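Report on the structure given below.
Computed from a prediction, not measured in an experiment: that's the story for all the values here. First the proteins, then the strands, lettered A, B, ... as listed; each starts at 1.
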Amino acid sequence: MAELITTDLVDLDLAGTGREEVTADLAGRLAAAGRVTDLDGFLADLRKREEQMPTGLEGGIGIPHARSAHVTEPTLAFGRSESGVDFGAADGPAHLIFLIAAPEGGGDEHMTILGSLARRLVHESFRQSLHAAPDADAVVELVRKEVLGQ
Amino acid sequence: MRFVAVTSCPTGIAHTYMAAESLEQAAKAAGHEIAVETQGAAGSTPLTARQIAEADAVVFAADVDVRDRARFAGKPLVTGGVKAAINDGARLIAEAEAAAERGAGAAADPAPGAGPELATKVEAGAGAGTRLRQWLMTGVSYMIPFVAAGGILIAVAFLLGGAEIAAVVNGGEFGGVTYEGISDPSDLLAQAGIAGVLFKIGTTAFEMLVPILSGFIAFGMADRPGIAPGVVGGLLASAIGAGFLGGLVSGLLAGAVVLGLKRVPVPRGVAGVMPVVVIPLLATLVVGVLMVVVVGEPIAAAQGALTGWLSGLSGGTAWLLGALLGLMMAFDMGGPVNKVAYTFGLAALASGDTVIMAAVMAAGMTPPLGLALATVLRRRLFTKSERDAGKAAWLLGASFITEGAIPFAAADPFRIIPSLMVGSATTGALSVVFAATSPAPHGGIWVVGLIGHPLLYLLAVAIGAVVTCACVLVAKSVGRPRAAETTTSTTPAGQPVTV
């Protein structure tokens, strides 16, 4: 199984300011890495999920995510935004954006990894470390350590 | 305190797990224990029966339907969305504390807008044999009130109205008089008196036996979506004359079909309508077609063959015929084989042979009587609901309402049915040997005044009941111990918690 996240899936200085724009930016990185076969289809799946209920969480978190037939590997793309991006949370824009992509027919193993990733997102210490991460390598290292226990 | 929680969200990859983590953190911070079932895409490890039983309160953090929520019936409940749990897990935990302190008396209804939850007796993780028995017991436990209420009303109707009350209400011939029957229930009181009304109510309750049995076996297997296909399958089992054995088949079939349909992966967005619309629709269709087309035809054919075969035996050894009719009466208690034997008795009666009718009636009285005796002699071999059914079975057996034995037979068919058949065959043979006669096709001991050789007749019934009892006790002692209900805890509502 491929890595959950690699350095080219990290953007520590997101240029965009809108939800769609930022999501498309991160999803584009997945497509470039060959983890998404049809970018437009995947974006449509993300939009559909986002429309059900915004994925913003209190504490400046946005987690656009979808299970999609266009995804080949369970993947996390991570973006950080200085100015913040509105993901619909009541307390303001998101500064940490986690794009979670799951293959439609993903097996339990895949899903378990994404489940433990999601569990880590709740931890304040994990968020703080991501805020403080100096570069993409640090982010990848952090996820590997916290989520996969490696 | 101890809590259990279920988390679930539309996609099942993020919020479900975040909510679980958040609740776990909040509970730990407040000094509580919590076990969380994450109903997400990674599959879920179900909460155990013990965890649910020991929990002081239940938390649902869910944006889509919680699966199998009947397990939590009667528990203090707090509900919220997954985001509420993620953003402020501590608040939900505090609410759960408060709910637990208010006690189960203030238990919230887990399903807003839905009725009180039903309970099953099925434990997760039990072996195949145990599960099968628990499915059957779930169906039986819901059926017993119908047996008791309907059976006692019918018995009282015979007591008040005499043996002819069945013919008066349903039509038919009795004692040389032909009755048309009463088709409009509003005419009952005027034409058949209070006895007729009671008889009608009782038989209506009895019409529900097989549907309820079938429906709640399916419920035990597959939860709420099993009820509709199970009940409809049971109604069809009745309609094709398949009796309670047909009901067992339709219930198990409905449960299996629903379980299969639940495994079909569907987009989580439409998962909400699956248990309400799609699954009941498809399962009802499949079970219905199978019952009508696959089960119905062979039963009708077998009944025809059996009837022809019995007629061919009429000239043979009389006591053997009595024993054979006894075997048939006890085989399925109102099912197709029983019907053939009973109809044979009616036909004999119409041609003036009252000995056959007496044997048939006696053989139909011993199953409930023998079981009632068994529940008194060896209480521990029976569950509480069976012991309750045993109390009513005295009256039902005495009134020739063989259906009183169905709760026992449905719960443990392979031990009970052969035992009942041995006892009934004994009684059927003895009744013929004693040359007892009955001009009445119903009524049991309430028509003993019409019976020829009444004392010997009662002796035949008593011996058969004792034989039945002995066989049941031996069969029940063989194999597994029965402690089904001692392991399930009881909620304040008095219902066993689903597990």
Side-chain angles (χ1 to χ4, degrees), chain A residues 4 45-69 71 74-76 87-92 94 97-127 146-147, chain B residues 5-30 34-46 59 61-65 80-93 263-273:
Chain A
L4 182 61
D45 288 336
L46 285 170
R47 206 173 301 122
K48 213 161 70 190
R49 169 62 188 86
E50 199 69 29
E51 278 164 5
Q52 283 181 348
M53 191 193 292
T55 59
L57 295 170
E58 284 175 26
I61 307 282
I63 46 164
H65 62 282
R67 296 184 78 175
S68 168
V71 174
T75 303
L76 168 68
F87 268 89
D91 69 342
I97 292 115
F98 303 85
L99 176 74
I100 304 175
E104 182 61 73
D108 278 2
E109 197 187 350
H110 287 171
M111 297 307 165
T112 306
I113 287 175
L114 293 179
S116 45
L117 166 68
R119 282 175 174 269
R120 293 316 298 171
L121 297 184
V122 178
H123 289 257
E124 189 54 36
S125 62
F126 186 59
R127 298 181 184 183
E146 293 260 344
V147 177
Chain B
V6 176
T7 60
S8 77
C9 64
T11 323
I13 61 177
H15 289 100
T16 298
Y17 300 94
M18 297 174 75
E21 189 75 16
S22 180
L23 287 175
E24 286 170 12
Q25 285 190 326
K28 199 172 155 197
I34 192 167
V36 185
E37 178 176 313
T38 48
Q39 294 186 350
S44 58
T45 311
V59 179
D63 289 348
V64 293
D65 279 343
V82 280
K83 276 195 175 178
I86 296 169
N87 290 334
D88 197 356
R91 189 181 55 80
L92 271 181
I93 294 297
R263 297 236 166 86
V264 176
V266 292
R268 293 185 65 87
V270 301
V273 297

Discussion item. Please classify the contact of A/I63 with chain B as side chain, backbone, both or neither, using a heavy-atom distance under 4.5 Å.
Written reply: side chain
Worksheet item: Using non-hydrogen atoms only, which part of A/P54 is less than 4.5 Å away from chain B: side chain, backbone, both, or neither?
Response: both
Discussion item. Heavy-atom pairs under 4.5 Å with chain B - which of A/M53, A/R49, A/H123 has more of them than the others?
Written reply: A/H123
Worksheet item: Do B/T16 and B/Q39 have side-chain atoms, one donor and one acceptor, less than 3.5 Å apart?
Response: no
Worksheet item: Does A/T55 offer a backbone N or O that forms a donor-acceptor pair with the side chain of A/E50 under 3.5 Å?
Response: yes
Fill in: Region of B/D63 in contact with chain A, defined by heavy-atom distances below 4.5 Å
side chain
Response to the item:
Sorted by chain and number, sequence neighbours left out, side chain to side chain contact (heavy atoms under 4.5 Å, CB included) with B/A5 holds for B/L23, B/I34, B/V36, B/V59
Practice prompt. Could you look at A/R119 and say if it's the side chain, the backbone, both or neither that has a heavy atom under 4.5 Å from chain B?
Written response: both
Worksheet item: Ignoring hydrogens and geometry, is there a side-chain-to-backbone donor-acceptor pair from A/D91 to A/G59 under 3.5 Å?
Response: yes
Worksheet, complete the sentence: B/A29 meets the side chain to side chain contact (heavy atoms under 4.5 Å, CB included) criterion, sequence neighbours left out, with none
Practice prompt. Sort A/A66 into side chain, backbone, both or neither according to what part of it lies under 4.5 angstrom from a heavy atom of chain B.
Written response: backbone
